[in-house]
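Accompanying notes for the structure given below.
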Amino acid sequence: MADNFMMKYFLLFLLLSPHGSLFAYESIIVSTIELEKMGYVENKKGKGFFYDVANLVAMGSGLEPENTIKPYARVLDDLKSGSTDISILFKNDSLLEHVTYISPIFTFENVVYGTSGKNFQSLKDLEGSRIAVLRGANYSDAFDKNTLIIKVPVKSYEQGISLLLSGRVNGIVGTKFHIESVMFQKNLPINKLSAPLTISTKSAWIQISKDSKYHNQEDIDRLRKSAESIVQSELFKGLVYRYSIY
């Protein structure tokens, strides 16, 4: 029933979109980060909030998405090389010279968790501690550039939480939503973690590689208008509800 509901609004959006078409003639290469509820494969099909939104933005601009789910570091590399046209990501210092930011999609709260009883009150409290960090990710200048905080790169939130609960790191940094989602998925009580220390709020953006053939003002404007329409639509609210992005 959920898929039928989403399809109904999706078709309506395409019909009403000034650029949308039920018959897209050109393809656009999309990379979605492999991340809890954002991009994942289920029954051999791609799913996730970022996955679906990127597809809608592409289709709403009259393009046919070829969307692949990949590890975060791979998506960064593909945007740099131009082998991917667009993706939804947080702004990342390593991409500043390689992408153009088209439109914000959703804002998340970045936090640091310790284990229960170990509450971090400020960034100063993190100095000398080993903090699990998603490989290649940026969180805030104050955190990222503080060399007294020992960053331990991990490939996933699952790995970071495992290291934290086994005592191999002192904390984990990431979006509050994703860390708590992994705890829920693994049936781990949230009271195993400390109260979160908020270090920033960051928006995920539709980004286009500067080496993409669509990196021109006309196509960027089409993608931007499509993204802005999607974010204001009932379909977007349905996706937020479907994937529990609160």
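FYI, the numbering just counts along the sequence from 1. Excluded from the calculations below are hydrogen atoms, water molecules and symmetry mates; all remaining heavy atoms, backbone and side chain alike, are included.
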Ignoring hydrogens and angles, tell me if any N or O in the side chain of [X] forms a donor-acceptor pair with the backbone of [Y] under 3.5 Å.
X: Ser229; Y: Lys225; result: yes
X: Ser233; Y: Ile230; result: yes
X: Ser103; Y: Ile206; result: no
X: Asn92; Y: Ser94; result: yes

### Query
What residue among His215, Lys80, Lys91, Gln207 forms side chain to side chain contact (heavy atoms under 4.5 Å, CB included) with Val99?
Gln207
Identify the heavy atoms of [X] and [Y] that sit nearest to each other, and give their distance.
X: Val30; Y: Ala54; result: CG1-CB, 3.7 Å
X: Glu66; Y: Ile29; result: OE1-CD1, 3.3 Å
X: Lys151; Y: Phe143; result: NZ-O, 2.9 Å
X: Lys213; Y: Ser27; result: CE-O, 4.4 Å
X: Glu97; Y: Lys210; result: O-CD, 3.6 Å
X: Tyr214; Y: Glu26; result: OH-CB, 3.5 Å

[atom2] on [Y] to [atom1] on [X], rounded to 0.5 Å:
X: Leu126; Y: Gln121; atom1: CG; atom2: CD; result: 10.5 Å
X: Ser181; Y: Lys37; atom1: OG; atom2: NZ; result: 4.5 Å
X: Asn67; Y: Asp52; atom1: CG; atom2: CG; result: 9.0 Å
X: Thr32; Y: Asn55; atom1: OG1; atom2: CG; result: 7.0 Å
X: Asn119; Y: Asp125; atom1: CG; atom2: CG; result: 9.5 Å
X: Ser61; Y: Leu223; atom1: OG; atom2: CG; result: 4.0 Å

List in chain and number order the residues that pass side chain to side chain donor-acceptor pair (under 3.5 Å) with [X], two or more places apart in sequence or in another chain; answer none if no residue qualifies.
X: Glu42; result: Lys47
X: Lys118; result: none
X: Asp144; result: none
X: Thr198; result: Glu109

Between [X] and [Y], is any pair of side-chain heavy atoms under 4.5 Å apart?
X: Leu76; Y: Leu89; result: yes
X: Tyr101; Y: Leu96; result: yes
X: Ile102; Y: Val57; result: no
X: Phe236; Y: Ile105; result: yes
X: Val75; Y: Thr84; result: no

### Task
With side-chain hydrogen bond (donor to acceptor under 3.5 Å, both in side chains) as the test, would you mind laying out the steps for Ser83 and Asp78 before giving the verdict?
CA-CA 5 Å; Ser83 55; Asp78 287 353; 3.3 Å; yes
### Qualifying ring-ring contact (aromatic ring centres under 6.0 Å, His included) pairs, either residue in residues 146-169, two or more places apart
Tyr157-His178
### Query
Which pairs pass ring-ring contact (aromatic ring centres under 6.0 Å, His included) with one or both residues in residues 51-84, sequence neighbours excluded?
none
### Task
Before accepting this row, confirm whether a basic side-chain N of the pair Arg74/Asp77 lies closer than 4.0 Å to the acidic partner's carboxylate O.
no
Using the side chain to side chain contact (heavy atoms under 4.5 Å, CB included) criterion, which residues pair with [X]? Sequence neighbours excluded.
X: Leu193; answer: Tyr113, Leu164, Leu165, Ile179, Met183, Ile190
X: Ser203; answer: Pro104, Thr107, Trp205
X: Glu127; answer: Lys124, Asn146, Leu148, Ile149
X: Ser209; answer: Leu79, Asp211, Ser212

### Query
Any chance the side chains of Ser200 and Asn110 put a donor and an acceptor closer than 3.5 Å?
yes
Would you kindly confirm whether [X] and [Y] end up in one hydrophobic cluster when ILVMFWY residues are joined by side chain heavy atoms under 4.5 Å apart?
X: Val240; Y: Leu56; value: yes
X: Ile69; Y: Met59; value: no
X: Phe120; Y: Ile150; value: no
X: Val111; Y: Phe184; value: no
X: Ile88; Y: Phe106; value: yes

Identify all side-chain donor-acceptor contacts of residues 130-139 below 3.5 Å with residues at least two apart in sequence or on another chain.
from: Arg130; atom 1: NE; to: Arg168; atom 2: O; distance (Å): 3.2
from: Asn138; atom 1: OD1; to: Asp93; atom 2: N; distance (Å): 2.7
from: Tyr139; atom 1: OH; to: Leu134; atom 2: N; distance (Å): 3.4

### Partners passing salt bridge (charged side-chain N to carboxylate O under 4.0 Å, His left out) against Glu34 (at least two apart in sequence or in another chain)
none
